[in-house]
Amino acid sequence: MDKTYQPHEIERAWYEKWEQKNYFAPSGQGDAYSIMIPPPNVTGSLHMGHAFQDSIMDSLIRHQRMLGKNTLWQAGTDHAGIATQMLVERKLAAEEGKSRHDLGRDAFIERIWEWKEESGGTITRQLRRMGASLDWSRERFTMDEGFYKAVQEVFVRLYDDKLIYRGKRLVNWDCKLHTAISDLEVENKDQSGHLWHFRYPLANGALTAEGKHYIVVATTRPETMLGDSAVAVNPKDKRYQNLVGQYIDLPLVGRRIPIIADDYVDAEFGTGCVKITPAHDFNDYEVGKRHQLPMFNILDHNGAVLSRAEVFNSDGTANGDLDDRLPEQYHSLDRFEARKLIISEFEAAGLLEKIDDHALKVPYGDRSGTVIEPLLTDQWFVAVADLAKPAIAAVEQGDIQFVPKQYENMYFAWMRDLQDWCISRQLWWGHRIPAWYDDCGNVYVARTEAEARSKYQLSHDLALTQDNDVLDTWFSSALWTFGTLGWPEQTPELKTFHPSSVLVTGFDIIFFWVARMIMFTLKFTGEVPFKTVYVHGLVRDQDGQKMSKSKGNVLDPLDLIDGIELETLVAKRTGNMMQPQLAKKIEEQTRRHFPEGISAYGTDALRFTFLSLASTGRDIKFDMNRMEGYRNFCNKLWNAARYVLMNTENQDCGIQGEAVELTLPDRWILSRLQETEQQIAKHFADYRFDLLANALYEFVWNEYCDWYLELSKPVLWDENAPAERLRGTRRTLVQVLETILRLAHPLMPYITEEIWQRVAPLAGQQGDTIMLQAYPLADESLIDPAANADIEWLKGVMLAIRNIRGEMNIGPGKTIRILLRNADQEDLRRLETTRTLLLKLAKLEEIQVLATGADAPMAATGLLGNMEILVPMAGLIDKEAELARLAKELDKLNKEIARLDGKLSNAGFVSKAPAEVVAKEREKLAEMQSAYTRLSEQQAEIARI
RNA sequence: GGGCGAAUAGCUCAGUUGGGAGAGCGUCUGCCUUACAAGCAGAGGGUCGGGGGUUCGAACCCCUCUUCGCCCA
């Protein structure tokens, strides 16, 4: 083996072998355990969030696989409607100068499929680099033929159950992409804008309480005034009570609109008067419905002003009675141009009261980057109220459990306040809505046109056209757990692997995905989609900032695995930017953070880092220093294996059941191994990957490497040691290492496989891969508290000697002798058990036991319980240094004694605290006092010289 | 404005019946000791955000304030 751990030399080969041998597929044996991967976007590439999430899922699935379960980790990707369509449109424009309209719908979709075949596999290749043991043979895509069947089935059944309807509703409209988008795709940005105060003249000579002919409304979006239906005030607002029921003559438009009272209005905000524009604002839309106000849509799909408003009643039906005229000068004017003109016209008419600066949130489309417009359009909706009830009950009853539990509250809060879900998108790429229209606009929903004709008994010559829209990508994602298993067919896979065992996801998509999966899955399968939802935090940079391209703080997981040169990293972060002006700042920042670029840490170190960061918090601050520490941990494991192999290969390790002698250290490390296995089992059950990683790290480094390997040396290097003892030590070395590898495998698949291949035969283990070995489970009969206590005693003696060596500057190469005074029977017994080990490990030439109270030469003193560990000073230690060291010790003891003394002289404590707590404190105090006495006597003695 | 979350060593974070404040990294000191300098040994470092309360006893329970983050309006 190499002297240093070199991750890139081992990773790829192992993954290829695992995949080729089909180790990732379900074994067909044992209880089922399944995880459906949250399907990554087919256009995407692996980011830190994926890498984090996949590390967790892979650890779970490898753990369960090793426990003998019939495991399925379902692979797949999501067709990502907008993202994919935009990507291919841009490519088409760049390469051929054509738009999708030049090609037409069918040809364009053909192009997308071509793109997908060629380039859609990026993220799945990257997942392989992470070591993800997904069953690729079952990989699914949400636009697969089979998946489309499931989508259609769900749509048709929901429609027939009256849970899907079509209607004119206000939606988030992207004026550039010409489609409705979901709330998830809207990013609300803080901006400084203005609040324009407009005078609206009162009709019929009405006057305000102050005697004015007008009232003042404030707005952040002046252009919407063209669509005003009313002015609202708070019903309790005394200033305007007399005006409720009166009218306004809307400037520029000339429409007469009422003044209404509604609790929505905040009397304290602005003037307390609010213009109501139901067709262009979500709040106003609700107000409009409450007061049956007509809706005036004034914008077209590009966000330009119409020549005539589209007028609807509050239920969405067309209204042919009201005046739909709009001022001519606004026709075809873009919304932002219209805003300017409106302001100047109000000003010219003396109707602009004032302009205030105002901080507001502006909605932007995350794909197009343009301001999103609330727009009245015909869309398809899912009525969620009835679907939500069983979905809430499933969590209340514990059929689905959230981990950590607090997220259940977030889920309930959202489910109780659910809006109908707009599922149609004006795109070409996606699942086309299975609805057909005749010339009169009647709608027929069925799986095919032919089915529509028979279902609705339509004549053969009636012309039907299919709805042009496609479904929201999340609609198909909501079917993911059962759609991937063949539903609506009742397949064996569906029967075996559904419901899935656990969903691993970020809290940010509980609403958009988790809740909808629960609703749809319950409705169509009668089962929950998963029994547990493990919710993890979001990966942020070292300062807690969200990682984003525009901030330039994005880390590519593959760069952490493979390493990257500084110049390449700078180019990668500053290339192809939406806002090129930020490039300079990002370059500076990158050069500051990574002056040497990023070195290669390997997949295992990256995975272990993610897992050790997976606690219950919401934010995961990714810290390169921690990853370096875990890379070092890999190296430690690697070198421990080298040591073990050097001492066991081609030697008698007792694997044929030969007689062995197990030394105290052997029994101790085996005992500690069982306890570690117990802890790890508990942490897996609790999804506490951070504690799990810690327990493993602690055992491997601080117990196995720091102590056991060192304790094995005196045995292995003892030429006179009996064969049984050598065999016992070698067997323990190898067995414990082999068990560590299996324990660690779910977290660090590559390094453990690489080492296991060499170590397993020595430990008498058979098998082609560690992946399919049994996961270690604790054997309680091997837990040995006595051995543990004895080793703790040995560590105590070692620590006392090392402390004196360190503080007194006695080099580690220097052999010394020690004296023990005040040793009791137990100390003496332990001394005899460990004498050889102590002599070797502490570099001692002699350990001499003194009778209690016997005189001793001048010596530096350490204490272990009542036993004094003396290192004679002659020629080694200078008086002042020892006095200073003792003073420091005494000072520490003094503080602790004062604290305990205070506690024990508190009558309340002694009388009310549990007896064992009081007894424990008394014992501690006595120990400290005794230690204090001894050390101060020693101090006096040395001072006398 | 409403809701949720966070605040513990210089940094990143554990601390699950309320009973001796921990880890890793960084810092200081000494070591190329034949598994590992990506290492070994030793040491230093914290009024657990502020204030109040409950309790014999609070990092932990309650109230309040401050700061930061996220979601919603």
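Lettering of chains follows the sequences in order, A, B, ..., and the numbering in each one begins at 1.
- No donor-acceptor contact under 3.5 Å links the side chain of A:R805 to the base of B:rA41.
- Residue-to-nucleotide proximity on RNA chain B shows that, of A:H683 and A:A600, the 5′-proximal contact is made by A:H683.
- Nearest nucleotide to the A:R802 side chain, out of B:rG42, B:rG19, B:rG20: B:rG42.
- Atom CG in A:L613 sits roughly 18 Å away from atom P in B:rA23 (whole-Å rounding).
- You'll find that the side chain of A:K888 is closest to B:rG44, out of B:rG44, B:rU12, B:rA35.
- Other residues, nucleotides and ligands contribute only 12 or fewer heavy atoms inside 6.0 Å of the NZ atom of A:K843.
- Between the side chains of A:N694 and A:D690, not a single donor N or O lies within less than 3.5 Å of an accepting N or O.
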Please convert RNA chain B into dot-bracket. A pair counts if it is Watson-Crick or G-U wobble with both distances under 3.5 Å; crossing pairs go in [ ] and bases paired with another strand get |. ((((((((.[[[[.)...(..]]]].(((((.......))))).....[[[[[..)....]]]]]))))))).
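- Comparing B:rC56, B:rA38, B:rU12 by their nearest atom to the side chain of A:R626 picks out B:rU12.
- Comment: A:K920 does not engage A:E923 in a salt bridge, judged by the lack of any side-chain N to carboxylate O separation of less than 4.0 angstrom.
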Run the salt bridge (charged side-chain N to carboxylate O under 4.0 Å, His left out) check on A:K795 and A:E792 step by step: do they pass? CA-CA 5 Å; A:K795 286 184 183 177; A:E792 286 310 310; 3.5 Å; yes
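- When side chains are defined from C-beta on, A:L733 counts as touching A:L709, because their heavy atoms get closer than 4.5 Å.
- The stretch residues 688-700 of chain A comes close to RNA chain B through A:R688, A:L691, A:Y697, each having a heavy atom under 4.0 Å from the strand.
- Among the nucleotides B:rG42, B:rG19, B:rG30, the one closest to any side-chain atom of A:L799 is B:rG42.
- Atom C1' of nucleotide B:rU29 and atom CZ of A:R885 are separated by 15 Å, given to the nearest angstrom.
- Atom name C1', nucleotides B:rU67 and B:rG49: the rounded distance is 8 Å, in whole Å.
- Rounded to an integer number of Å, the gap from A:W717 CH2 to B:rU33 C1' is 8 Å.
- Listed candidates were B:rG20, B:rA43, B:rA35. Nearest to the side chain of A:Y643 is B:rA35.
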Can A:Y697 and A:N702 be said to form a side chain to side chain donor-acceptor pair (under 3.5 Å), step by step? CA-CA 8 Å; A:Y697 183 100; A:N702 302 115; over 6 Å; no
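- Checked against B:rG20, B:rC56, B:rA35, the side chain of A:N906 finds its nearest nucleotide in B:rC56.
- Taking the charged nitrogens against the carboxylate oxygens, A:R758 and A:E649 do have a contact shorter than 4.0 Å, which makes a salt bridge.
- Comparing B:rA35, B:rA38, B:rC25 by their nearest atom to the side chain of A:N625 picks out B:rC25.
- Straight-line distance between the P atoms of B:rG2 and B:rC28: roughly 49 Å, to the nearest whole Å.
- If you take CZ of A:R899 and P of B:rC56, they are 19 Å apart, rounded to a whole angstrom.
- For A:S615, whose side chain is taken as the heavy atoms from C-beta onward, the closest listed nucleotide among B:rG39, B:rC13, B:rG42 is B:rC13.
- Between A:Y687 and A:F689, the angle of the ring planes goes over 60°, which puts this pair in the perpendicular group of the 30/60° scheme.
- If you take atom C1' in B:rA6 and the same atom in B:rC60, they sit 16 Å apart, rounded to whole Å.
- The nearest whole Å value for the distance from the CG atom in A:L904 to the C1' atom in B:rG19 is 12 Å.
- Scanning atom types as modelled, one donor and one acceptor separated by under 3.5 angstrom connect the side chain of A:E710 and the base of B:rA35.
- Every residue two or more places apart in sequence or in another chain that forms a salt bridge (Lys or Arg N to Asp or Glu O under 4.0 Å) with A:E703 is listed here: A:R672.
- Take the nearest nucleotide of RNA chain B for A:K621 and for A:K3: the residue whose nucleotide is more 5' is A:K621.
- When distances are taken from the side chain of A:N635 to each of B:rG19, B:rA38, B:rA35, the shortest belongs to B:rA38.
- Distance from the side chain of A:E807 is smallest to B:rG42 among B:rC56, B:rC36, B:rG42.
- Panel note: side chain A:Y601, backbone A:D559; no donor-acceptor pair is recorded below 3.5 Å.
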